[in-house]
Amino acid sequence: MSAVEIIIPVQDYHLAATLDSGQAFRWQRRNTAWTGVIHRHWVRLEAVDAGLRATTADPVPDWRWLTDYLQTGVDLTAVIKAFPEDAPLQQAVAACRGLRLLRQEPWECLASFMLSSTKQIVQIRQIIALLCERHGTAVPVPDGEPPAFAFPTPEQIAGLGEAQLRACKMGFRAPNLLDAARRIAEGGLDLERWRTRSHAEARAELMQLRGVGGKIADCVLLFAGGFNAAFPVDVWIKKALQELYFPRRRASDKRLQHFAATHFGPQGGYAQQYLFHYRRTMK
DNA sequence: CTCCAGGCGCCTT
DNA sequence: AAGGCGCATGGA
């Protein structure tokens, strides 16, 4: 099978930071290139002077599935201009300039973050890899590439037993994932519909799922829904906010939540991603 | 060995 | 309202 490639013209795009900053869990680095699966497309990405070089397994008539995912049309300068001008944030931006938010598929994003609670990122990646290998549909890959799989659909997961999910090492998260898959497969929740709703409505709807609280809902709103004000507060962000913004006195979780929701403005989710990556990689 | 991980739900004060 | 605890599993 012959590969096809294009160059996506874009500047100020830090591919490695973007694909390895804990927002997506399936990208694999090989030297300077990254391989992954988006929808049902295997793709290899590499940063070049003119932008990003993308290689696929099959000819592609329309590349929007990729440019939407990578958000190459976003004006990063305008995003960063909307940040509050405080020293910690400027420092985080300087440390990983070009970090972007992806626009992921809602179901893969929701399922991935349902599997993320009290897990290290390496373990989340392992669980998701097992789930895809065992229960996802194989996708075409170029000659010589290892097999690759689409993320299992809600229907595919809804057809499994809890034991098959537990065999993918997800532990107590298995029944929650199964419930969510069934609700979606049966039409009880439409992940495309909440994307057209208000931030608060969409958040409330996601949180009706067992195993989805505020943090996971915020991740899905931000990484798949395009609600850029969503600000997921996890253990890393708590550490970052405590150390960078409240160095003298200990701030309660309540205080940190309130600060996160009010200080960072309409692009707070982007700010969060810079602080998260900064805290996770620089210290 | 112990501690904790991109949390959540439920139980006590 | 705020804090404590168990939950599966496996790095560190």
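Lettering follows sequence order; numbering is per chain, from 1. Below, each value reflects all heavy atoms present in this structure, side chains not excepted, and no hydrogens, waters or symmetry copies.
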| query | Restricting to pairs with a member in residues 119-140 of chain A, which pass salt bridge (Lys or Arg N to Asp or Glu O under 4.0 Å), not counting sequence neighbours? | reply | none
| field | salt bridge (Lys or Arg N to Asp or Glu O under 4.0 Å) contacts touching residues 87-97 of chain A (sequence neighbours left out) | value | A:Asp12-A:Arg97
| said: At 4.0 Å (heavy atoms only), tell me whether A:Ser112 reaches a base, stays on the sugar-phosphate, or touches nothing. | reply: nothing
| field | Protein proximity profile, nucleotides 7-13 of chain B - base contact B, sugar-phosphate-only contact S, no contact -, cut-off 4.0 Å on heavy atoms | value | BSSS---
| query | What side chain to side chain donor-acceptor pair (under 3.5 Å) pairs are there with at least one residue in residues 66-75 of chain A, not counting sequence neighbours? | reply | A:Trp27-A:Tyr69
| said: I'd like to know if A:Gln123 reaches the base of B:dG6 with its side chain such that a donor and an acceptor end up less than 3.5 angstrom apart. | reply: no
| request: Output every pair passing salt bridge (Lys or Arg N to Asp or Glu O under 4.0 Å) with a member in residues 245-257 of chain A, not counting sequence neighbours, ordered by first then second residue. | output: A:Lys238-A:Asp253
| remark: Rounded to whole Å, the CG-C1' distance (A:Leu110 to B:dG6) equals 15 Å
| query | When you look for runs of 3 or more Watson-Crick or G-U pairs in a row, both distances below 3.5 Å, which of them include DNA chain B? | reply | B:2-5 with C:9-12, B:7-13 with C:1-7
| task | Using side-chain hydrogen bond (donor to acceptor under 3.5 Å, both in side chains) as the criterion, list what pairs up with A:Arg26, not counting sequence neighbours. | result | A:Glu108
| field | Whole-Å distance separating the CD1 atom of A:Ile121 from the P atom of B:dC4 | value | 18 Å
| request: Scan A:Gln273 against the nucleic acid and name what it touches under 4.0 Å (heavy atoms): base, sugar-phosphate only, or nothing. | output: base
| query | Say you pick atom P in B:dC4 and the same atom in C:dC5; how far apart are they, in whole Å? | reply | 13 Å
| said: Heavy atoms only, 4.0 Å cut-off, all strands: where does A:Lys238 land among base, sugar-phosphate and nothing? | reply: nothing
| field | Along DNA chain C, first and last positions that approach a heavy atom of chain A under 4.0 Å | value | C:dA2 to C:dG11
| remark: Residue pairs passing the side chain to side chain donor-acceptor pair (under 3.5 Å) test with at least one member in residues 200-211 of chain A, sequence neighbours excluded, are A:Arg193-A:Glu205, A:Arg197-A:Glu205, A:Ser198-A:Glu201, A:Arg203-A:Asp218
| field | Linked hydrophobic residues, A:Val48 as query - side chain contacts closer than 4.5 Å | value | A:Ile7
| task | Applying salt bridge (charged side-chain N to carboxylate O under 4.0 Å, His left out), name anything that partners A:Arg195, two or more places apart in sequence or on another chain. | result | A:Glu192
| Using atom P of each nucleotide, how far apart are B:dC10 and C:dA8 to the nearest Å? | 14 Å
| said: So is the aromatic ring of A:Phe276 stacked onto the base of B:dG6, judging by whether the centres are under 5.5 Å apart and the planes are under 30° apart? | reply: yes
| request: Mind running side-chain contact (heavy atoms from CB on, under 4.5 Å) on A:Ile124 and A:Phe113 for me, showing each step along the way? | output: CA-CA 9 Å; A:Ile124 301 167; A:Phe113 281 95; over 6 Å; no
| query | Members other than A:Phe172 in its cluster, when Ile, Leu, Val, Met, Phe, Trp, Tyr link by side-chain heavy atoms under 4.5 Å? | reply | none
| field | Verdict with reasoning, A:His41 to A:Asp58, per side chain to side chain donor-acceptor pair (under 3.5 Å) | value | CA-CA 8 Å; A:His41 299 283; A:Asp58 293 325; over 6 Å; no
| query | Contact class for A:Ile127 vs. all strands (heavy atom < 4.0 Å): base, sugar-phosphate, or nothing? | reply | nothing
